[in-house]
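Residue numbers run from 1 in the order of the sequence given. Just so we're clear, the structure is a prediction, and the values are computed from it rather than from any experiment.
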Amino acid sequence: MALMVGALAVVGGMATSETSGQLARLSIKPVAKPKPRIQPPPPTPPPPTTNALYTEATFIPSNFDMNSELTPAWGSGIIPPSASPDVVGAFRFACNAGQLLRDDPIAFPGQPGGSHLHQFFGNAAANASSTYSSLRQSGASTCMSPLNRSAYWMPAMLDGKGSAVRPDFVTIYYKRRPISDPKCSLASGDPAAEGNCIPLPNGLRFIFGYNMLNPADTPTGAAYFNCDGATATQGHYPTITAAMAFCPTKQNPDGSFNKLGAVINAPSCWDGKNLDSADHRSHVAYPGYGWWGYLKCPATHPFVIPTFTMGVWYTVDQNLGTWHLSSDEMMPGVTPGTTFHADWFGAWDNNVEAMWIDNCTNMANK
């Protein structure tokens, strides 16, 4: 399987199977449920910076031959055609499920077992002690190549019978306006500029979706559940329970099974100063239309970073009626799926990130 980044493609890692009807399981030993923690530990202070315009960690190069992970896209190195009239450039890839851990290196750094059970994707070495430095210097990737050592994670899906339901595959879809778009610069003269577009800052991390530390907050990320398959009805369903009615668990006439998807959108606005914050959310934000009538980032978060949509897909079975997220157990009485949220800790190889930004994101209007 190849991961296309303009004229080059990333190879290696683990292949996904989007058509598999088998439901992967991993039994987990019963343990006492962790108690919700009201106040997280303070965030790690920002590391040294190498950028005069905004805060970011000093880039740590890949400790392997980057060229060994690259191959010409489509065998010829052809550049993808323009996505015009779509104004947003996109870069997509697939991942396998990774480790299951009761760790959260953002909310509870250095505290193994301190969180509810998480399903990780991306960096296979990510754990409670992960930092930008450790992610950049170690770990294979379930996202096809260690050129992307970023870590992605969400609450594990549980079947109500003591087992975690493993996803069949994960899709990640990065997008942002091209740098040449006037709406990508507050200095362009375009009165409807969204903000100042930049790459993903080294060392940035955040949490989005349902706020476990402050449940009264409005969830971010426009998260939803979907159902796909021969007898499924697709939609944006707010909970697992709502989606279940449109996701028959019986084997389809063609022998396949339907899939339940958990989909969430990462923030695209950043304050330019903090790689983390006390609540792991305040340093990033989402654009809005407001009273002005066009999409823009808040004045407090003027930098536009590539956002991504993450879709996590599971083959349904007869136990779907008892499925819920591990984080739901920390909020007794909530409808299954209510507490859906996700974490991201960036650790891209900068050279490869530049490839997909230049040849995918920035090609939208060429």
Side-chain angles (χ1 to χ4, degrees), residues 23-26 28 33-34 36 95 97-98 100-102 104 107 115-121 152-173 206-229 231-250 257-267 280-281 286 308-344:
L23 178 63
R25 297 281 187 173
L26 183 68
I28 53 176
K33 296 177 183 176
C95 305
L100 281 163
L101 296 172
R102 297 182 184 275
D104 190 325
S115 73
H116 49 263
L117 188 66
H118 281 117
Q119 174 66 69
F120 282 77
F121 320 105
Y152 312 75
W153 63 98
M154 63 171 283
M157 185 73 74
L158 305 179
D159 68 357
K161 298 181 181 298
S163 295
V165 183
R166 299 276 275 173
D168 296 297
F169 63 92
V170 182
T171 59
I172 298 178
Y173 170 22
F206 48 71
I207 302 175
F208 53 110
Y210 186 87
N211 191 340
M212 298 296 294
L213 296 174
N214 189 359
D217 277 2
T218 300
T220 60
Y224 65 92
F225 295 89
N226 195 1
C227 192
D228 186 54
T231 59
T233 301
Q234 294 192 359
H236 285 50
Y237 306 113
T239 62
I240 297 171
T241 303
M244 183 172 57
F246 302 93
C247 211
T249 58
K250 186 178 179 180
F257 290 86
N258 295 325
K259 294 183 186 295
L260 176 75
V263 184
I264 192 167
N265 299 285
H280 314 295
R281 295 169 178 261
Y286 290 81
F308 63 87
T309 298
M310 184 173 74
V312 185
W313 292 89
Y314 310 80
T315 298
V316 301
D317 68 3
Q318 297 300 319
N319 295 323
L320 182 59
T322 63
W323 283 20
H324 60 280
L325 298 175
S326 60
S327 51
D328 292 338
E329 296 183 347
M330 301 180 70
M331 301 293 171
V334 300
T335 303
T338 296
T339 64
F340 183 22
H341 60 281
D343 300 51
W344 177 80

Q: For residues Ala262 and Met154, report the shortest heavy-atom separation together with the two atoms involved.
A: CB-CE, 4.4 Å

Q) Passes side-chain contact (heavy atoms from CB on, under 4.5 Å), Met244 versus Tyr237? Steps please. A) CA-CA 9 Å; Met244 183 172 57; Tyr237 306 113; over 6 Å; no

Q) Which distance, rounded to the nearest 0.5 Å, do you find between the SG of Cys227 and the CG of Asn258? A) 5.0 Å

Q) Do any N or O atoms from the side chain of Thr335 and from the backbone of Thr338 form a donor-acceptor pair under 3.5 angstrom? A) no

Q | Thr249 side chain to Asp317 side chain, donor-acceptor N/O pair below 3.5 angstrom | A | no

Q: Locate the shortest heavy-atom distance separating Thr241 from Pro336; write the atom from each residue and the value.
A: OG1-CD, 3.3 Å

(Q) Using every non-hydrogen atom in the two residues, find where Asp168 and Thr315 come nearest and quote the distance to one decimal. (A) OD2-OG1, 2.5 Å

**Q.** CG-NE2 distance between Leu101 and His116, expressed to the nearest 0.5 angstrom
**A.** 12.0 Å

Q. Mind checking what makes side chain to side chain contact (heavy atoms under 4.5 Å, CB included) contact with Thr220, not counting sequence neighbours?
A. Phe208, Arg281, Tyr286

Q: Go through Val312 and Phe121 one step at a time and tell me if the side-chain contact (heavy atoms from CB on, under 4.5 Å) criterion holds.
A: CA-CA 10 Å; Val312 185; Phe121 320 105; 3.9 Å; yes

Q: Output yes when a side-chain donor or acceptor of Thr339 lies under 3.5 Å from a complementary backbone atom of Asp328, and no otherwise.
A: yes

Q: First locate atom CZ of Phe308, then atom CG of Asn265, and finally report the distance between them rounded to the nearest 0.5 Å.
A: 9.5 Å

Q | Main-chain N/O of Ala156 paired with Ser326 side-chain donor or acceptor, under 3.5 Å | A | yes

**Q.** Side chains of Asp343 and Trp153, donor plus acceptor under 3.5 Å
**A.** yes

Q: For Tyr210, enumerate each residue passing the ring pair (Phe, Tyr, Trp, His ring centres under 6.0 Å) test, keeping only those at least two apart in sequence or located in another chain.
A: none

**Q.** Candidate pair Leu325 and Met157, rule side-chain contact (heavy atoms from CB on, under 4.5 Å), full reasoning
**A.** CA-CA 5 Å; Leu325 298 175; Met157 185 73 74; 4.0 Å; yes

(Q) What's the separation between atom CD1 in Ile264 and atom OG1 in Thr309, rounded to the nearest 0.5 Å? (A) 10.0 Å

Q) Donor-acceptor pair, Asn226 side chain versus His236 backbone, under 3.5 Å? A) no

(Q) Using only atom types and a distance under 3.5 Å, with no angle test, would you say the side chain of Asn319 pairs donor to acceptor with the backbone of Thr322? (A) no

Q) What are the two closest non-hydrogen atoms of Cys247 and Leu320, and how far apart are they? A) O-CD2, 3.8 Å

Q) Roughly how far, to the nearest 0.5 Å, is CG of Leu213 from NE2 of His280? A) 7.0 Å

Q) Backbone N or O of Lys259 within a donor-acceptor pair of the Asp228 side chain at under 3.5 Å? A) no

Q) Which heavy-atom pair separates Ala164 from Leu158 by the least distance, and what is that distance? A) CA-CD2, 4.0 Å

Q) Hey, are the side chains of His341 and Asn211 touching, using non-hydrogen atoms and a 4.5 Å cut-off? A) no

Q | Closest heavy-atom pair and its distance - Met310, Ala342 | A | CE-CB, 3.8 Å

Q | Straight-line distance of Leu260 CG to Tyr314 OH, nearest 0.5 Å | A | 8.0 Å

Q: With side-chain contact (heavy atoms from CB on, under 4.5 Å) as the test, would you mind laying out the steps for Glu329 and His324 before giving the verdict?
A: CA-CA 8 Å; Glu329 296 183 347; His324 60 280; 2.8 Å; yes

